[in-house]
Amino acid sequence: MPPGDQGADVRLRTVSKRYGNITAVTALDLHVGAGEFVLVTGPSGSGKSTLLNLIGGLQAPDDGDVLIDGEPVWRGRDLPRHRRELVGFVFQHHLLLGVLSARANVEVPLIGAGIGRRERGRRSLRLLDEISLSERAEHRPEQLSGGERQRVAVARALVNEPRLLLADEPTGALDTAASEQLFDLFADVRERRATTMILVSHDPLAQKYADRTLVLVDGTLKQPRAGEAAGVRAPAR
Ligand SMILES: Nc1ncnc2c1ncn2[C@@H]1O[C@H](COP(=O)(O)OP(=O)(O)OP(=O)(O)O)[C@@H](O)[C@H]1O
Ligand SMILES: [Mg+2]
């Protein structure tokens, strides 16, 4: 992967999000610096997916501001463009289109961005090659393993060269070996492109890849106890 621009700087200022009388995220302050790899954990229902959706511009905060590179996402920005050009999403389930080949799935975001067919083919095949799936380019999702599908989903999230990658339980449906391969891919992306990464995961493996771990409880960040290691940087490879 060619070195991209610097990753996005992400800041939340007293952000709250409510669903009726349920408060999913409560007056949350957070700063994730450009190129940081942050892991978010916490019990089910603690607001992790909501947090990612707020950062990725999929949901609007009720209070507070989400700032990307110092600019509020929900005021003044062109949101569809923000999502398309700045942010890549990977979910627990791959959400690939079953009728399309791996290559065509990776190309979908490029169609939205108005990139021509030849260039789309060039970029998707290069990415599939980087994730060691070039021989599977013409296979449909049902012809791929779970881990391979998730790697294709990561390629699709990366094809627009986003400066921020958000992943919500991407290894939730994978075994240990496939999970490790996916986390290696994330670490590789961060190293090569300096992409800012925010990963929601319960997977104990994830800790060793992240710079630090945030724990969400009831929509707020739990402060790490003094002396508690907040995650260990992955060794240089
Ligand atoms: N669309 C919605 N409508 C109403 N309530 C919602 C909605 N989405 C989430 N919630 C509620 O907001 C809270 C936070 O949900 P969220 O999905 O962010 O949790 P989570 O930490 O991602 O949980 P999990 O680990 O189970 O994925 C929960 O109480 C949930 O029930
Ligand atoms: Mg969730």
Side-chain angles (χ1 to χ4, degrees), residues 1 4 7 32 35-42 44 48-49 51-53 55-56 87-98 100-109 123-137 139-214 231-237:
M1 290 170 233
V32 178
E36 249 196 300
F37 187 164
V38 171
L39 172 66
V40 180
T41 62
S44 178
K48 304 179 299 296
S49 296
L51 176 65
L52 284 194
N53 291 342
I55 294 171
V87 189
F89 269 101
V90 184
F91 300 95
Q92 175 168 359
H93 298 287
H94 55 78
L95 305 179
L96 299 174
L97 299 170
L100 297 181
S101 65
R103 179 187 52 72
N105 266 290
V106 173
E107 288 180 24
V108 166
R123 287 201 208 172
S124 58
L125 288 174
R126 193 183 62 206
L127 262 175
L128 287 168
D129 188 41
E130 284 168 15
I131 61 171
S132 312
L133 283 180
S134 47
E135 284 170 14
R136 306 303 212 109
H139 289 211
R140 289 190 311 280
E142 64 178 20
Q143 299 169 309
L144 301 171
S145 73
E148 289 168 346
R149 279 179 218 145
Q150 273 309 54
R151 274 149 58 208
V152 173
V154 173
R156 181 186 52 185
L158 291 175
V159 74
N160 274 332
E161 306 197 337
R163 294 167 51 236
L164 172 62
L165 189 67
L166 303 175
D168 198 351
E169 292 282 359
T171 63
L174 303 183
D175 66 18
T176 305
S179 298
E180 202 153 31
Q181 213 171 6
L182 198 72
F183 290 138
D184 280 339
L185 178 59
F186 285 140
D188 203 44
V189 168
R190 197 273 287 268
E191 200 163 295
R192 296 212 210 179
R193 304 188 182 201
T195 310
T196 306
M197 311 253 236
I198 305 178
L199 165 67
V200 168
S201 182
H202 294 292
D203 196 326
L205 278 175
Q207 292 241 356
K208 76 171 205 256
Y209 291 88
D211 298 324
R212 60 191 165 113
T213 301
L214 304 174
V232 183
R233 203 178 260 276
R237 293 177 317 126

query = When rounded to the nearest 0.5 angstrom, what distance separates CD in Q181 from CD1 in I131?
reply = 9.5 Å
remark   = Rounded to the nearest 0.5 angstrom, the CD-CG distance for Q92 and L174 is 9.0 Å
ask   = Any ion pair linking K208 and E180 (charged N to carboxylate O, less than 4.0 Å)?
value = yes
query = Which word best sums up how the rings of F183 and Y209 line up, parallel for under 30°, tilted for 30 to 60°, or perpendicular for over 60°?
reply = tilted
ask   = Do you know the tightest heavy-atom contact between K48 and T41?
value = CD-C, 3.6 Å
request  = Would you indicate whether the side-chain heavy atoms of V152 and P141 approach each other to under 4.5 Å?
outcome  = no
ask   = S49: what forms a side chain to side chain contact (heavy atoms under 4.5 Å, CB included) with it, not counting sequence neighbours?
value = D168
ask   = Any side-chain heavy-atom pair from V154 and P170 closer than 4.5 angstrom?
value = no
message = Do R190 and D211 make a side-chain contact, defined as non-hydrogen atoms from C-beta onward lying under 4.5 Å apart?
response = yes
query = Would a 4.5 Å heavy-atom cut-off, applied to side chains only, mark R136 and L128 as touching?
reply = no
ask   = Can you tell me how far CG of L185 sits from CG of L158, rounded to the nearest 0.5 angstrom?
value = 7.0 Å
inquiry  = Could you tell me if the side chain of L125 sits less than 4.5 Å from the side chain of R103, heavy atoms only?
reply    = yes
key: Charged N-O contact under 4.0 Å between E36 and R212   = yes
task = Hey, could you give me the CZ/CZ distance between R156 and R149, rounded to the nearest 0.5 Å?
result = 13.0 Å
ask   = Is there a side-chain contact between L164 and I55 (heavy atoms, below 4.5 Å)?
value = yes
